[in-house]
There are 2 protein chains.
Amino acid sequence: METTTDTQWLTEPQQRVWRSFLGATTLLMDRLDRDLRTAHDLSMPEYEILVRLSESPDRSIRMAELAAQIMHSRSRVTHTITRLERKGIVLRQQAASDGRGVTAVLTDHGFAVLEQAAHTHVNGVRAYLVENASAEEFDVLGQVMGRVVSQLDVNGTCATP
Amino acid sequence: METTTDTQWLTEPQQRVWRSFLGATTLLMDRLDRDLRTAHDLSMPEYEILVRLSESPDRSIRMAELAAQIMHSRSRVTHTITRLERKGIVLRQQAASDGRGVTAVLTDHGFAVLEQAAHTHVNGVRAYLVENASAEEFDVLGQVMGRVVSQLDVNGTCATP
DNA sequence: GGGAGTTTGTTGAACGCTCAACCACATGCT
DNA sequence: AGCATGTGGTTGAGCGTTCAACAAACTCCC
């Protein structure tokens, strides 16, 4: 891959930034997840799915499309949807146009759960992230993260093992 | 926790930023982890531990201190160290001063593994993150993430379930 | 100096994710 | 039409994480 000589190491300040980034994401995701779990028995990945479904026409999205939107593998989405289905939050439905297709549909109960959970989640995002940046800084954050996504999210499809 | 009325929702642009952030961290961590695994049979959490150990006097750190540094639970570190020990990369050692204490020590072989893996990792961080930001933007990123850490990392100790 | 309370580290079960293999359907080529 | 290749979704095993419970050692205070 690389020889032992051609690697440009990070400067000390760059390293500090990188470690802050690593620490911040670890703590942030952990905290948001825990908040959702304790208050609504919902994990972050589950919550993300509910949000996407709720915004979609008919509150339903094809499995592969769902996976692409939240950057998870198809397999992972299958497992998550299975759990959500068991909780009565979501249900599976054969896609009309494509014999293989399966679409996940948000149930009324699922929508109600989401309406509750959204408060917890949004308050968390504000308190832990948004409030820690000025409007300009937050903007910069968005731009950089956007570039990372477009670089790494090759052709809009997540790693599909 | 909250009533149904007092939640300040995110504006549409704020939402876009948050989703970019979520997507970027998912893709980024995934990719760095995969790169390390395929090239050096090492996960990101494992790698983080090796880095901290290598920088420490005697290449050794107490378990709890290690957990605090990388923001993982003590339990998680125990498991990870157990796996690393099995690979001969690290070994456990009774702490002199404290009867309960255990310190993890990086072996020579572990250090050699790290020397290789570091190239892969740093090149990844540069290519996927650093190069996607100007110097100023990267700086802003560091400041914001730093604030998040100091808010969420209450008294320097990670969630200790 | 002898308990009450705290800190350190481990354990095992349950949960969630990854990975490779797989089937079913769709598409394209000739 | 018929076969090759690609896509959509699932499955189950194995791995890594969380969580609650625990034992051992330290601290403090009377």
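In what follows, chains are A, B, ... by sequence order, proteins preceding strands, each numbered from 1.
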> Does A/R34 make a side-chain N or O approach to OP1 or OP2 of D/dC19 shorter than 4.0 Å?
yes

> Does any pair with a residue in residues 106-124 of chain B pass salt bridge (charged side-chain N to carboxylate O under 4.0 Å, His left out), and if so which ones, sequence neighbours excluded?
B/R59-B/D108

> Could you tell me whether the phosphate oxygens of C/dT10, OP1 or OP2, come under 4.0 Å of any side-chain nitrogen or oxygen in B/R92?
yes

> I need the residues from residues 76-86 of chain A with at least one non-hydrogen atom less than 4.0 Å from DNA chain C; give them sorted by number, or say none.
A/R76, A/H79, A/T80, A/R83

> Name the closest nucleotide to the B/D30 side chain, picking from C/dT18, D/dC26, C/dA26.
C/dT18

> Picking from D/dC26, D/dG16, C/dT10, which would you name as closest to the side chain of B/R100?
D/dC26

> Using a strict heavy-atom distance below 4.0 Å, which residues from residues 44-66 of chain B are in contact with DNA chain C?
B/R62, B/M63, B/A64

> Decide, yes or no, whether a salt bridge links A/E65 with A/R74 under the criterion of side-chain N to carboxylate O below 4.0 Å.
no

> When you measure from the side chain of A/S75, which nucleotide among D/dG12, C/dT10, C/dG16 comes out closest?
D/dG12

> With nearest nucleotide decided by heavy atoms, which residue, A/S97 or A/R37, maps closer to the 5′ end of DNA chain C?
A/R37

> Out of the candidates A/E46, A/H121, A/M44, only one should pair with A/D33 under the side chain to side chain contact (heavy atoms under 4.5 Å, CB included) rule; please name it.
A/M44

> Looking at A/Q94 and A/G99, would you say the former's side chain and the latter's main chain have a donor-acceptor pair under 3.5 Å?
yes

> We want to know whether B/R19 and B/Q15 form a side-chain donor-acceptor pair, criterion being a heavy-atom distance below 3.5 angstrom.
yes

